[in-house]
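Presented below is the structure to which this report refers.
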Amino acid sequence: MKTRKGNKVYPLTSAQKLHYYCMKYCPKKQVLNIGAGLTIQVELNWDILKQSIQEAIQRCEAMRVQFTEDKEGNVYQYVVKEPTAEIRHFDFAHWREEAAHAKMTEWTSTPFEPYDTPMYEIVMIRMPNNFHGIYIKVNHLIMDAQSLIVFYKDIIELYCSKVYDEIPEPKEMASYIKQLEKDLAYEAGSNASKKDREFFEKLISSSEPIFTDIYGRGKLEAERKKNGNPNQRAAINVSDNVDANLANFTLEKEPSERLFRFCEEHHVSMTCLLLMGLRTYLQKENDEDDVSVSTTIARRATLMEKRCGGTRIHSFPFRTIISRDDTFLEGIFKIRDMQNQYFRHANYSPSEYYAFRKQYYHLTDGQTYELLSLTYQPLTMKYEGPGLDKLGDIAYRTRRYSNSACAHTLYLTVSHIPAGGLDFCFEHQTGVVTYEKLQEIYFYLCRILFYGIEDCSRTVGEVIDWS
């Protein structure tokens with residue numbers, strides 16, 4: 001297949017293949033849906049907003065990506081020239097706010113048709129309390145969180161440029177197709193891809209990780225006993241019930257700024273600090289210095305990558321061995337050094353990573369070493385461009401909606417709140433993780449982080465014992 005409806009077709013990228021595999025085998029096909037709302041406390045001109053949304057879609061090739069399947073079952077993607085999905089308007093003004101959010105959760109939980117149809121739905125919404133804005137549902141195959149935020153900001157900037165004469169139109173988006181062609185050329189066997197493969201295969205084969213659970217060592221010890229192998233290090237971590245929900249906890253502006261200041265003073269990323277907190281919690285719960293979690297890398301270093309849309313997230317297991325005798329700061333530096341190596345090789349296919357590891361350690365289906373995954377999302381959807389003074393002190397509200405399905409036990413996404421502070425969003429399988437357990441994780445994570453940064457010369461053991 002070379003074309004579809006007159007449009008050139010391309011194979012899926014490594015990032016898309018991992019998502020597609022998830023959707024193909026998950027019983028709930030909405031598992032890749034991302035639902036988000038942005039509202040502001042300002043009356044909007046709905047005609048101008050609709051026009052701005054339509055222009056933003058036209059400017060963003062990634063939003064016009066559709067998929068098709070050939071007779072052999074191979075899946076391809078192509079970009080349609082003109083958007084076809086309707087931009088709807090829905091008035092929640094006289095609804096209870098909880099009911100409005102429940103309705104948008106219902107929208108988010110409705111799967112897309114997989115082939116030859118738009119992979120997005122956009123609704124202009126009027127909420128109670130004079131909040132107005134946009135709800136977007138998009139399939140993860142065509143957008144990730146960062147590209148969705150850039151798309152949201154493009155709509156806002158287009159709208160502002162039409163309403164206020166002195167505000168210029170935003171810069172053009174980058175071409176999704178051009179970046180896609182670069183990615184596919186890398187994956188076709190470039191020297192860079194060979195070096196990345198060598199790095200990760202050497203890392204995987206260096207020694208075997210060990211499974212650490214939020215509930216302690218019980219699951220691993222039960223499998224060791226069942227299999228008669230006291231040295232088993234992997235555990236089966238799958239569930240037939242993929243029903244899921246979101247649980248959000250808000251860290252206020254002032255304590256969040258203490259975390260930011262610590263990162264700035266010690267030249268480490270927020271992801272490093274959060275990884276340190278999570279792995280220390282697992283170290284505490286499992287009495288184990290060897291801890292693995294999954295971490296996501298956005299792969300948006302260049303201007304083209306930042307503005308091309310699409311899904312560029314690569315998720316890899318991230319293993320650290322940090323002794324109780326190491327200081328909290330030494331642990332963070334170990335994470336930073338390993339993270340820097342990951343960044344240099346992050347274009348490597350996660351699917352190939354997991355396939356090589358499974359073969360090397362003779363893992364059975366469902367066996368793993370990682371229970372949870374961390375994503376840090378530094379961007380906000382707040383407009384901060386030219387003419388901000390014209391908008392005044394606007395109240396912003398952002399909200400992420402559950403798609404009611406989760407392929408893995410637990411995902412933590414930490415993101416910035418427009419008004420300041422951090423949102424800790426736990427997407428979790430409701431049949432495996434309770435809300436009370438998530439409260440406990442968040443409570444101890446914060447205790448570990450703040451006790452650790454208060455005096456980073458404290459040992460990890462001291463932090464664990466105090467928390």
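Basis for what follows: all heavy atoms, side chains included, without hydrogens, waters or symmetry-related copies.
A donor-acceptor contact closer than 3.5 angstrom links the side chains of Asn227 and Gln232. For the 3.5 Å distance criterion, the side chains of Gln341 and Asp337 fail to qualify, holding no donor opposite an acceptor. With hydrogens and angles left out, the side-chain atoms of Ser404 and Ser109 include a donor and acceptor closer than 3.5 Å. Side-chain polar atoms of Asn237 and Tyr369 form no donor-acceptor pair below 3.5 angstrom. Side-chain N/O atoms of Gln339 and Ser269 include a donor and acceptor closer than 3.5 Å.
At a threshold of 4.5 Å between non-hydrogen side-chain atoms, the residues Leu18 and Tyr21 do not count as touching. Residues Asp213 and Leu220 are not in side-chain contact: their nearest non-hydrogen atoms beyond the backbone lie 4.5 Å or more apart. Using a 4.5 Å cut-off on side-chain heavy atoms (C-beta onward), Val123 and Ile134 make no contact. With a 4.5 Å cut-off on side-chain heavy atoms, Pro83 and Tyr120 count as touching. Looking at heavy atoms from C-beta onward, Leu412 lies out of side-chain contact with Cys425 at the 4.5 angstrom threshold. A heavy-atom distance below 4.5 Å is not found between the side chains of Glu252 and Glu254. Asn33 places a side-chain heavy atom less than 4.5 Å from the side chain of Gln30.
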Start with the C-alpha distance between Ser193 and Asp196, add both sets of side-chain angles, then the distance that settles side-chain hydrogen bond (donor to acceptor under 3.5 Å, both in side chains), and finish with yes or no. CA-CA 5 Å; Ser193 69; Asp196 295 339; over 6 Å; no
Where do Tyr135 and Thr108 land on the side-chain hydrogen bond (donor to acceptor under 3.5 Å, both in side chains) test, with the steps shown first? CA-CA 10 Å; Tyr135 161 87; Thr108 308; 2.8 Å; yes
CA sep, side-chain torsions, deciding dist, call: Arg319, Ser207, side-chain hydrogen bond (donor to acceptor under 3.5 Å, both in side chains): CA-CA 11 Å; Arg319 178 192 186 193; Ser207 64; 2.8 Å; yes
Report the C-alpha distance between Glu187 and Thr13 in whole Å, list the side-chain angles of each, state the deciding distance to 0.1 Å, and finish with yes or no for side-chain hydrogen bond (donor to acceptor under 3.5 Å, both in side chains). CA-CA 8 Å; Glu187 294 174 16; Thr13 65; 4.9 Å; no
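The residues Arg64 and Glu61 are annotated as not salt-bridged, no charged nitrogen and carboxylate oxygen being separated by less than 4.0 angstrom. Taking a cutoff of 4.0 Å between a charged side-chain nitrogen and a carboxylate oxygen, Glu121 and Lys137 qualify as a salt bridge. The pair Arg324-Asp465 meets the salt-bridge criterion, since a charged nitrogen lies less than 4.0 angstrom from a carboxylate oxygen. Salt-bridge formation is detected for the pair Lys358/Asp365: a Lys NZ or Arg NE/NH1/NH2 atom is positioned less than 4.0 Å from an Asp or Glu carboxylate oxygen. Using a 4.0 Å cut-off between charged side-chain N and carboxylate O, Asp144 and Arg312 make no salt bridge.
Between Tyr76 and Tyr10, the distance from one ring center to the other does not fall under 6.0 angstrom. Less than 6.0 angstrom separates the ring centroid of Phe260 from the ring centroid of His416.
Every residue was checked against the side-chain hydrogen bond (donor to acceptor under 3.5 Å, both in side chains) condition with Tyr411, not counting sequence neighbours, and none meets it. Qualifying side-chain hydrogen bond (donor to acceptor under 3.5 Å, both in side chains) partners for Arg279, counting only residues two or more places apart in sequence or in other chains: Gln283, Thr320. Take Ser205 and apply the side-chain contact (heavy atoms from CB on, under 4.5 Å) test, not counting sequence neighbours, and it matches Tyr360. By the side-chain hydrogen bond (donor to acceptor under 3.5 Å, both in side chains) test, Gln77 pairs with Gln16, Tyr176, sequence neighbours left out. Every side-chain contact (heavy atoms from CB on, under 4.5 Å) that Glu106 has, sequence neighbours left out, goes to Lys103. Asp325 pairs by the side-chain contact (heavy atoms from CB on, under 4.5 Å) definition with Ser323, not counting sequence neighbours. Remark: Glu86 pairs with Arg88 by the side-chain contact (heavy atoms from CB on, under 4.5 Å) rule, at least two apart or across chains.
Pairs of residues two or more places apart, or lying in two chains, that qualify as ring pair (Phe, Tyr, Trp, His ring centres under 6.0 Å) and include a residue from residues 232-257 are Phe249-Phe426, Phe249-Tyr435, Phe249-Tyr442. Applying the salt bridge (Lys or Arg N to Asp or Glu O under 4.0 Å) definition to pairs two or more places apart or across chains, those involving residues 232-248 are Lys28-Asp243, Arg233-Asp290. Residue pairs meeting the salt bridge (Lys or Arg N to Asp or Glu O under 4.0 Å) criterion with at least one member in residues 30-39, sequence neighbours excluded, do not occur. Among pairs with a residue in residues 438-450, those fulfilling salt bridge (Lys or Arg N to Asp or Glu O under 4.0 Å) read Lys437-Glu440, at least two apart in sequence or across chains. Within the structure, side-chain hydrogen bond (donor to acceptor under 3.5 Å, both in side chains) contacts touching residues 347-356 (residues at least two apart or in different chains) are Arg197-Glu352, Arg299-Asn347.
Within the cation-pi definition used here (under 6.0 Å to the ring centroid, within 45° of the axis), Arg458 does not qualify as a partner of Phe328. A cation-pi arrangement, defined by a distance under 6.0 Å to the six-membered ring centre and an angle within 45 degrees of its axis, is absent between Lys219 and Phe211.
Taking the six-membered ring where tryptophan is involved, the planes of Tyr451 and Trp466 are essentially parallel, since the angle between them stays under 30° and well short of 60°. Ring geometry, Phe316 versus His314: the interplanar angle exceeds 60°, so the pair is classed perpendicular (tilted spans 30 to 60°). Relative ring orientation between His345 and Phe200 is described as perpendicular, the plane-to-plane angle rising above 60° on a 0-90° scale split at 30° and 60°.
The shortest non-hydrogen separation linking Cys272 to Ile332 is CB-CG2, 4.3 Å. When all heavy atoms of Leu32 and Tyr20 are compared, the pair lying nearest together is CD1-N, 4.5 Å. For the residue pair Ile214 and Glu285, the shortest heavy atom distance occurs at O-OE1, 3.6 Å.
With hydrogens and angles disregarded, no donor-acceptor distance shorter than 3.5 Å links the side chain of Asn286 to the backbone of Glu288. A donor-acceptor pair under 3.5 Å is absent between the side-chain atoms of His408 and the main chain of Leu371, judged by distance alone. For Ser147 (side chain) and Met143 (main-chain N/O), no donor-acceptor pair under 3.5 Å exists by modelled atom type. No donor-acceptor pair under 3.5 Å is formed between the side chain of Gln367 and the backbone N or O of Ile236.
Once rounded to the nearest 0.5 Å, the distance linking CG of Leu259 with CG of Leu422 reads 6.5 Å.
The environment of CG in Asn241 is crowded: more than 12 heavy-atom neighbours from other residues, nucleotides or ligands sit within 6.0 Å.
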